[in-house]
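The structure appears right after this line, and notes come after that.
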Number of protein chains: 2
Amino acid sequence: MPSRASRKTKQRDALREVLERSERPLSIGELLEAATKRIDGLGVATVYRTVNALLEDDVVEVVAIPGEPVRYELANKGHHHHFQCEKCTRVFDIAGCIDNIRKLIPPKFRVRAHELTVYGLCASCAR
Amino acid sequence: MPSRASRKTKQRDALREVLERSERPLSIGELLEAATKRIDGLGVATVYRTVNALLEDDVVEVVAIPGEPVRYELANKGHHHHFQCEKCTRVFDIAGCIDNIRKLIPPKFRVRAHELTVYGLCASCAR
DNA sequence: ATAGGTGCAAACAGTTTGCATGTAT
DNA sequence: ATACATGCAAACTGTTTGCACCTAT
């Protein structure tokens with residue numbers, strides 16, 4: 001059984017809810033900003049602690065993009081990848097997946113997972 | 001013409017050489033450590049400044065792996081991707097590329113680049 | 001001679017931690 | 001009542017910047 005008992009608090013609920021309602025991965029800053037609208041006086045430390053707790057529970061996942069702050073999203077979204085707009089810097093989920101990855105790597109290597117990030121311009125910035 | 005004139009210094013040479021001799025991407029710390037063996041008293045700031053200059057000149061590229069410090073490698077290796085061994089944490093280059101990325105993203109998005117990281121066990125760790 | 005580069009230390013930014021207080025159980 | 005959670009501020013870590021000195025051109 002888990003050693004840590006997880007309590008239900010308004011901060012935690014607010015953060016999970018913000019993530020649930022977001023269609024894209026959010027950074028700590030974005031989380032803080034969004035959740036502060038619901039919980040006044042919410043501290044950064046709480047956001048970090050809560051996100052890390054959610055990470056440990058596999059409720060959220062890390063979305064890391066080079067040169068960008070780490071973002072988080074719910075883990076229950078299934079396998080997908082990410083697109084970052086080079087103009088507005090927002091990160092979008094992209095459905096679907098590439099295949100034949102296995103054929104790229106040397107024969108004796110064992111593949112467990114992969115991550116794909118695409119860069120370009122999002123619909124609004126491209127026009 | 002470029003506004004910045006790039007000088008030839010031993011620090012810069014040492015760093016580029018370290019990168020040239022490395023068969024895998026290196027972090028700032030690894031760069032500092034390796035280059036200090038050649039240039040005594042080399043400062044961190046210089047490593048950062050130099051790496052950033054090399055980045056701007058497209059001499060090196062960023063290799064970012066989630067949860068890992070950013071690494072750098074020469075840009076002249078051509079398009080390729082990376083494989084991180086989950087056991088020994090080493091990062092390997094993998095030749096070749098996936099295609100049909102464009103079909104994954106929404107129609108109005110514009111694709112400029114992509115990055116793929118594969119995780120698993122390398123040949124020596126898999127056996 | 002002069003613009004650019006370097007090393008050092010201070011400044012910053014992002015993240016973590018200690019502690020007194022608050023609160024879910 | 002008790003243990004976990006929170007907010008605040010201090011502590012850390014990694015990166016950038018200001019400045020006096022150095023060096024390639």
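The structure presented is a predicted model; accordingly, all values stated were derived computationally and were not measured. Lettering of chains follows the sequences in order, A, B, ..., and the numbering in each one begins at 1.
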Residues in ring pair (Phe, Tyr, Trp, His ring centres under 6.0 Å) contact with B:H114, at least two apart in sequence or another chain: B:H79, B:H81

Contacting residues from residues 34-43 of chain A, given that a heavy atom lies under 4.0 angstrom of DNA chain D: A:G41, A:L42, A:G43

Under 3.5 Å, N/O pairs linking protein and nucleotides 10-15 of chain C:
from	atom 1	to	atom 2	distance (Å)
C:dT15	OP2	A:Y48	OH	2.1
C:dT15	O5'	A:Y48	OH	2.7

Side-chain donor or acceptor of B:R71 paired with backbone N/O of B:V63 under 3.5 Å: no

side-chain contact (heavy atoms from CB on, under 4.5 Å) against B:Q11, all qualifying residues, sequence neighbours excluded: B:T9, B:I39, B:L42, B:T46

Which atom pairs link the protein and nucleotides 20-24 of chain C when you take only N or O atoms and keep those under 3.5 Å?
from	atom 1	to	atom 2	distance (Å)
C:dT23	O2	A:R7	NH1	3.4

Non-neighbouring partners of B:R102 that pass salt bridge (charged side-chain N to carboxylate O under 4.0 Å, His left out), sequence neighbours left out: none

Check: B:R12 side chain, C:dG4 base, donor-acceptor under 3.5 Å: no

Listed once per pair and sorted, the salt bridge (charged side-chain N to carboxylate O under 4.0 Å, His left out) pairs that draw on residues 75-87 of chain B, sequence neighbours left out: A:R112-B:E86, B:E73-B:K77, B:K77-B:D93

Salt bridge (charged side-chain N to carboxylate O under 4.0 Å, His left out) contacts in which one or both residues fall within residues 29-44 of chain A, not counting sequence neighbours: A:E17-A:R38, A:R24-A:E30

Protein-nucleotide distance (B:D57, atom CG; C:dG5, atom P), rounded to Å: 10 Å

Distance-minimising heavy-atom pair for B:L121 and B:C85: CA-SG, 4.0 Å

A:V44: side-chain contact (heavy atoms from CB on, under 4.5 Å) partners, not counting sequence neighbours: A:I28, A:L32, A:Y48

d(CG, A:L31; C1', D:dT6) in whole Å: 17 Å

Worked check of side-chain contact (heavy atoms from CB on, under 4.5 Å) between A:Y72 and A:L31: CA-CA 9 Å; A:Y72 303 88; A:L31 278 167; 4.3 Å; yes

Which residues share a ring pair (Phe, Tyr, Trp, His ring centres under 6.0 Å) with A:F109, sequence neighbours left out: B:F83, B:F92

Test log, rule side-chain contact (heavy atoms from CB on, under 4.5 Å), inputs B:C97 and B:H80: CA-CA 6 Å; B:C97 186; B:H80 65 279; over 6 Å; no

Whole-Å gap separating C1' (D:dT25) and CG (B:D13): 15 Å

B:L15 CG - C:dG7 C1' separation (whole Å): 14 Å

B:Q11 side chain near C:dG7 phosphate (N/O to OP1/OP2, under 4.0 Å): yes

Spacing of A:E56 atom CD relative to C:dT16 atom P, expressed in whole Å: 12 Å

base_contact_polar (D:dG7 base, A:R49 side chain, donor-acceptor, <3.5 Å): yes

Check: B:S6/B:R12 side-chain N/O donor and acceptor closer than 3.5 Å: yes

Estimated bend of the helix from C:dA1-D:dT25 to C:dT25-D:dA1 (axis per five terminal pairs, rounded to 10 degrees): 30°

Inter- and intrachain pairs under ring pair (Phe, Tyr, Trp, His ring centres under 6.0 Å), touching residues 9-31 of chain A, at least two apart: none

